[in-house]
Amino acid sequence: MSATSDTTLAPRTDSLGSVPRAWRKRGLVIGGTILLIIILMALLAPWLSPHSPYDQDLNKRLIAPWFLGGADPAHLLGTDHLGRDYFARMLYGARVALMVGLGTVALSSPIGITLGLLGGYYGRRVDLVVMYLVMVRLSLPVVLVALAVVGLIGSELTIIMAVLASLLWDRFVVVTRSLVMQLREREFVLAARAAGSSDLAILLREILPNLAAPLTVVATLEMANAILLEAALSFLGLGVKPPEASWGLMIAEAKDMVFFEPWLINIPGFALFALVIGINLFGDGLRDALSIRRGA
Amino acid sequence: MRRGALALLVLLTVSLLSFALLKLSGDLAIALAGEQAGAEYVAFLRKQYGLDDPLIVQYLRWLGRLLSGDLGVSFYFGTPVTAVLAEKFPITMSLGVSALLFAVVLSIPLGIVAALKPDSWIDRAVLGVALLGQAIPTFWLCFLMILLFGINLGWLPISGSTTWAHYVMPAVALGYYATPAFTRITRAGMIEALGSDYVRTARAKGLRRPVVILKHALRNALVPVVSVAAVQFGFMLGGSVVIETIFAMHGVGYLAWQAISQNDYPVVQAIVLIVASIYVVLTLAADLLNAAIDPRIRIR
């Protein structure tokens, strides 16, 4: 199998470098700002909103948000169909989104990077096994399998993260593997080998540090991916369970009111969109910042 | 034919995983007998269906039935899974094909335009559109379209799958997610092709620029697009779950969601298996096709 014929592997790596150079510095700043705002919202949730995201008040149902002329200054983003404060639910939803993003990548990156290092460094049979694993993973439809497994074993947040992590490691493998293949014959690696370093030492001390920049981009992309998938699972009723607040679940709870109160869907929808854009811009910008400093 | 052997091995692994999914979903005998059935009846069913045999025997028997086209019986519908699927598959296939068409028709011109002037404002705008495709949550896009075209303008029906108009919004939503991949691969291929010797020769021969771009450069740039199409079509079949649920299209995606909610795992298992198999076969076909088109690619 030559590298160019590899349909299963080639297309997904080309999304690296999605933003033109001129935008990237701006991207880092804009993306970073969006991310920082959402992180602060998540961390400071109890202090930013006087309301609990769970307290229902049936006398105060479906109050419009301020930008649609909502009458209640106590509820800036209005209230949902059970009279729960929408701003508070958005804040706690941000926690779920960020936790799923970070947790999934923290679990999936070690799997993918290890497989990529092994396949790229040892080549031959080892690489064939790694490629086979990646092909099996790519053939499995992510949304479908995640839904099926979560439907079977439960939908606690830790389970959702574990299931997503078990499905989102392939891009780490593909990127790590191809970079290691380029690096393994370079002088500094040969020098380390000549000096008697073990394979493990070469992989961890010589090769891995050089992968920091590209792997950062993969990590951000996969984080965004995990966040969208959790939202989709929760939207389909098989992810985060009520009364918890997840942006996907909030959209699901409001979908019967799409004709009358579309803002109930548009607020969490836009938040998801902003978070994913922010992560993508930040990741691309960060890669550039890292590779400039490394002089690569 | 290592590529073919690998594909076969992947298929076999996928079948093993589907079987595991079915086994993990609980005791089939209890599911078949019903909750209130007596222990004796359950034991009888277990013996009848060979559920006491070693797992490997059960797997081989299941695989044998699978190869003869028997995917088991749906708990919920009480009919063979193949019959249930045969009814739903055309809808999802039509949806997938229209989504693929939409993505290709939108992305190839965008990719060409971007490649003609790399790093110009047009190029940046095109990549911006691609970035949006990646970031906008599919289900939010669906609702935005429903609000605009379904309700405010009243142009398109918002649920069902009876006429072609019902497929427009779902196909756009499903296809839009794939546009970044298509746009980037077209753009990259075109930039490479436009800088190549044969394009310079064609220009030097005095051929007009549009002819060179569309006839000489594009033909070569489209080779990798075939591969992306195969990959994306597989993703679309899997991704149709969300879309079909929102637009109430009773295809395979909707069926999968229903089956998971109803614990009807014979159906779930069959859908996972079929979608995965389609993906494996399509990517293999794309590789072979590319090798046939482009002699530089050699498959071992």
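Numbered from 1 within each chain, the chains take letters A, B, ... in sequence-line order. Since the model is a prediction, treat every value here as computed from it, not as a measurement.
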Residue L152(A) versus chain B: region with a heavy atom under 4.5 Å: both
Under 4.5 Å from any heavy atom of chain B - which part of A224(A): neither
To the nearest 0.5 Å, how far apart are [atom1] in [X] and [atom2] in [Y]?
X       : Y       : atom1 : atom2 : result
L282(B) : S139(A) : CG    : OG    : 12.0 Å
L24(B)  : I153(A) : CG    : CD1   : 8.5 Å
Q134(B) : L221(A) : CD    : CG    : 6.5 Å
S240(B) : L144(A) : OG    : CG    : 7.5 Å

Do [X] and [Y] come within less than 4.5 Å of each other through their side chains, counting heavy atoms only?
X       : Y       : answer
L140(A) : Y279(B) : no
L272(A) : I136(B) : no
T13(B)  : Y132(A) : yes
L6(B)   : M135(A) : yes
W140(B) : N266(A) : yes

Atom group of [X] that falls short of 4.5 Å from chain A, counting heavy atoms:
X       : answer
T245(B) : side chain
V268(B) : side chain
L144(B) : side chain
I158(B) : side chain
L147(B) : side chain
I246(B) : side chain
L17(B)  : side chain

Using a 4.5 angstrom heavy-atom cutoff, name the option from [options] with the most pairs to chain B.
options                            : answer
I227(A), V258(A), L133(A)          : V258(A)
P141(A), A231(A), G269(A)          : G269(A)
I265(A), I279(A), V145(A), V142(A) : I265(A)

Counting only heavy atoms not in [X], do more than 12 fall under 6.0 Å of its [atom1]?
X       : atom1 : value
F270(A) : CZ    : no
Y76(B)  : OH    : no
F67(A)  : CZ    : yes

Among the options [options], pick out the one with the most heavy-atom pairs lying under 4.5 Å from chain A.
options                           : result
L11(B), V14(B), L9(B)             : L9(B)
A135(B), A7(B), P224(B), S18(B)   : A135(B)
A259(B), S261(B), G234(B), S25(B) : S25(B)

Whether F235(A) and F143(B) hold their rings parallel, tilted or perpendicular, with breakpoints at 30° and 60°: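 Taking F143(B) first and then F235(A), their aromatic rings stand perpendicular (interplane angle over 60°).
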Check against side chain to side chain contact (heavy atoms under 4.5 Å, CB included), L238(A) and W257(B): CA-CA 9 Å; L238(A) 288 156; W257(B) 177 70; 4.1 Å; yes
Residue pair A148(A) / Y265(B): nearest heavy atoms and the distance that separates them: O-OH, 2.5 Å
